[in-house]
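Keep in mind that this is a model prediction, so the values were computed, not measured.
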Amino acid sequence: MLRRLTVKNLAIVEDLELELAPGLTVITGETGAGKSILVDALALLAGGRGSSEMVRDGATRLMVAGEFDMDPAALQVLEEAGHPAAPTLLLRRELTPDGRGRAFIEDEPASVRTLARAVGGMLSIQGQNTERELAESGAPLELLDAFAGALGEREAVGAAAAAWSAARRSLEELEEARRGRAERLEMLEFQIREIDAVSPDPAEEDNVSAERERLRHAGRIREAGEAALQALSEGEGSAADRLGEAARAFAQLAAIDAREAANLAEAEELKRRIADLAAAARDAADAGEADPERLTALESRLEALTRLKRKYGGSLHEVLARREAMGKERGELTHFEDALERRRAEERAAAKAWARAADVLSAKRRENVERLSKAVEKEVRGLAMEKARFRVLLEEEPQDAPRASGRERASFLIAPNPGESEKPLEKIASGGELSRLQLAIRTVASGKGGLGRTLIGRTLVFDEVDSGIGGRTAELVGKRLRELARHDQVLCVTHVPQIAALADGHYLAEKGHVRGRTIASVRSLAGKERVEEIARMLAGETVPETARKHARALLEAAER
């Protein structure tokens, strides 16, 4: 439900705020007073197209804001878009004179598309063109499914259609790959052989590189080893010779002073460590032998590993992972016909599952299509179209592709007068008849909760739905609007006093002049002011006392 509407700088509206209540609320006033501007404001909140011409002359910004009770469908949209949720939902649209616009949800920037999706289940604006929108959309079929209590079955058909579409795409992709299968298989075989011929091992790369470096510098290694060996243990004055002398000296000291035993032990340890270093130097000198053949083999091995990494991945681990993937693909291509048959079987199974779900839905539709036709026809005849005939036409569509809506399509047909043939809803010429038919459909829809966004919202806005009618017909339309308002909040822009008298709330749109500018305003009416406005609607600019009496009678009758 819409609780509050704020409009600033929209056409001749400078600044207004409406507090709205449940039930039926009407907006009346002279032609050009700004009644339909409020509908334009709501259309902007619903994601309608904005233009720079809508901005009030001299203003820097147009702003429309609406505060709604949170709706489960709107909550889901907010969660998907990452917007915060609250018990109420504040939506805002802004436009500037240069045509730029912004949208906000709870004061956070949002796309107009997200705004429209959020408000879609809460606000439905009806006008002279909405009937054609209903006829051209999937609304007839959706109405039928809701009326038949088949929304669950329709959801099942949608899920089955999605599964069938996925299976069909998978099959088509495999069939497309069939044409290049031989070439692809040949390429895979070559690449697999190339990798397997090298047999890469990620653990060997560092070892091979280290051995290659040793062989490349074998001469320097031998020279360094021999120099170290000579310094440590060979020739006069070597480290081993000098350390031996030092050890003998500490042995003499330890024999005299026991405290020198620790130094003697350390000297002996150093001798052992020098011996170990000398052995390492000797090994290095011995290993520093050139081996051209071995070096060539190592260079070739590293070159082969590098070539694989360059071609199949940045590391040998990636090369091996690629090899595994190619092996799996080769297996699929090798047994291609088996894989193709599996996918064909999956596609056939998905098609059969859709057909079973669609059959169940079709059965419910056929059982209820006549009941729905009679229900809407009854409502239409109650709106002063006593001889009208209405029918929901259900036709089966070709099944060349999965359809989320099932096997059929539906359309509305009507013959407003006796002797006329039934025609599609969009072919009907009379605006008044269209409006009443629309109201009849809405009335039937309101009794079927969960109908969805296409047909009904928590707040229904009727922009002069009473155009071209009066007298008894207007009273009947008013009663239908009032009945509709038991389920949903209804806002109605009207020129008809019989409808205005039936409203739970009444606003008057007026325009005046302030500082040489035309400004529209809207105020709530009650008591004598409401009587006076309904009397004006009955009599025109000059209001006689008889019109006031008639207005009071209408209001008293509405209260009964």
Side-chain angles (χ1 to χ4, degrees), residues 1-21 25-68 83 88-120 122-127 129 457 459 461-464 489 491-495 505-525 533:
M1 186 185 82
L2 177 62
R3 292 185 172 275
R4 182 179 293 105
L5 176 66
T6 304
V7 183
K8 295 181 184 294
N9 300 317
L10 174 57
I12 61 172
V13 173
E14 184 176 57
D15 188 357
L16 67 82
E17 183 171 305
L18 298 182
E19 298 282 345
L20 297 166
T25 298
V26 296
I27 302 169
T28 65
E30 296 281 0
T31 299
K35 302 184 298 299
S36 291
I37 293 176
L38 298 178
V39 180
D40 294 338
L42 290 170
L44 282 175
L45 278 184
R49 185 182 297 275
S51 67
S52 58
E53 289 79 11
M54 302 176 78
V55 183
R56 180 174 170 79
D57 288 343
T60 59
R61 182 188 62 154
L62 175 160
M63 189 275 287
V64 177
E67 182 181 341
F68 295 83
H83 288 282
T88 58
L89 178 61
L90 181 62
L91 306 176
R92 189 167 86 248
R93 281 285 298 276
E94 295 181 357
L95 290 173
T96 56
D98 59 5
R100 290 182 296 178
R102 298 190 298 172
F104 298 86
I105 297 177
E106 295 293 338
D107 289 327
E108 290 192 357
S111 68
V112 174
R113 181 176 179 274
T114 300
L115 186 83
R117 289 182 61 219
V119 79
M122 299 185 294
L123 177 64
S124 180
I125 301 175
Q126 314 306 319
N129 294 322
T459 298
V461 182
F462 289 86
D463 184 13
E464 301 190 29
Q489 182 187 46
L491 307 181
C492 181
V493 175
T494 184
H495 292 284
H506 191 156
Y507 282 95
L508 173 66
E510 302 173 296
K511 66 179 179 180
H513 297 86
V514 178
R515 298 185 296 277
R517 297 289 304 278
T518 300
I519 294 179
S521 62
V522 178
R523 60 189 177 91
S524 178
L525 297 182
E533 170 60 9

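Here Glu19 contributes atom CD and Leu5 contributes atom CG; the two are 10.0 Å apart, rounded to the nearest 0.5 Å. With rounding to the nearest 0.5 angstrom, the CZ atom of Arg4 is 10.5 Å from the CG atom of Leu18. Taken from OG1 in Thr6 to CE in Met63, the straight-line distance is 5.5 Å, to the nearest 0.5 Å. Taken to the nearest 0.5 Å, the CD atom of Glu533 stands 4.5 Å off from the CG atom of Leu508. Atoms CD and CG, on Gln489 and Leu2 in that order, are 5.5 Å from each other to the nearest 0.5 Å. Residue Leu491 holds its CG atom at 11.5 Å from OG of Ser124, rounded to the nearest 0.5 Å.
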Begin from the C-alpha positions of Leu38 and Val493 and carry the test side chain to side chain contact (heavy atoms under 4.5 Å, CB included) through to its verdict. CA-CA 9 Å; Leu38 298 178; Val493 175; 6.0 Å; no

Run the side chain to side chain contact (heavy atoms under 4.5 Å, CB included) check on Thr60 and Thr96 step by step: do they pass? CA-CA 6 Å; Thr60 59; Thr96 56; over 6 Å; no

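Across every non-hydrogen atom of Ala46 and Leu123, the tightest pair is CB-CD2, 4.1 Å. Between Glu106 and Thr88, the shortest heavy-atom distance links the atoms OE2-O, 3.0 Å. Contact detail for Leu115 and Ala103: the closest heavy-atom pair is CD2-CB, 4.2 Å. What you find for Leu20 and Met1 is that their closest heavy atoms are O-CE, 4.4 Å. Residues Leu91 and Leu45 approach most closely at O-CD2, 3.7 Å, considering heavy atoms. Shortest non-hydrogen contact noted between Lys35 and Ile27 is CD-O, 3.7 Å.
Considering only heavy atoms from C-beta on, Glu14 comes within 4.5 Å of Asn9 through its side chain. Under the 4.5 Å side-chain criterion, counting only non-hydrogen atoms from C-beta, Val7 is not in contact with Val522.
Every residue two or more places apart in sequence or in another chain was checked for a salt bridge (Lys or Arg N to Asp or Glu O under 4.0 Å) with Glu53, and none qualifies. Partners of Arg92 according to the salt bridge (Lys or Arg N to Asp or Glu O under 4.0 Å) rule, which considers only residues two or more places apart in sequence or in another chain, are Glu94, Asp107. In this structure, the salt bridge (Lys or Arg N to Asp or Glu O under 4.0 Å) partners of Arg100, at least two apart in sequence or on a different chain, are Asp98.
Here the side chain of Arg56 pairs no donor or acceptor atom with the backbone of Ile519 at under 3.5 angstrom. With hydrogens and angles disregarded, a donor-acceptor distance shorter than 3.5 Å links the side chain of Ser111 to the backbone of Thr114. A donor-acceptor pair is defined here as one N or O able to donate and one able to accept, closer than 3.5 Å; no such pair exists between the side chain of Arg523 and the backbone of Glu510.
Each of Ile125, Val64, Thr459 was scored for a side-chain contact (heavy atoms from CB on, under 4.5 Å) with Leu42, with one residue passing: Ile125.
Heavy atoms from other residues, nucleotides or ligands lying under 6.0 Å from CG of Asp15 number more than 12.
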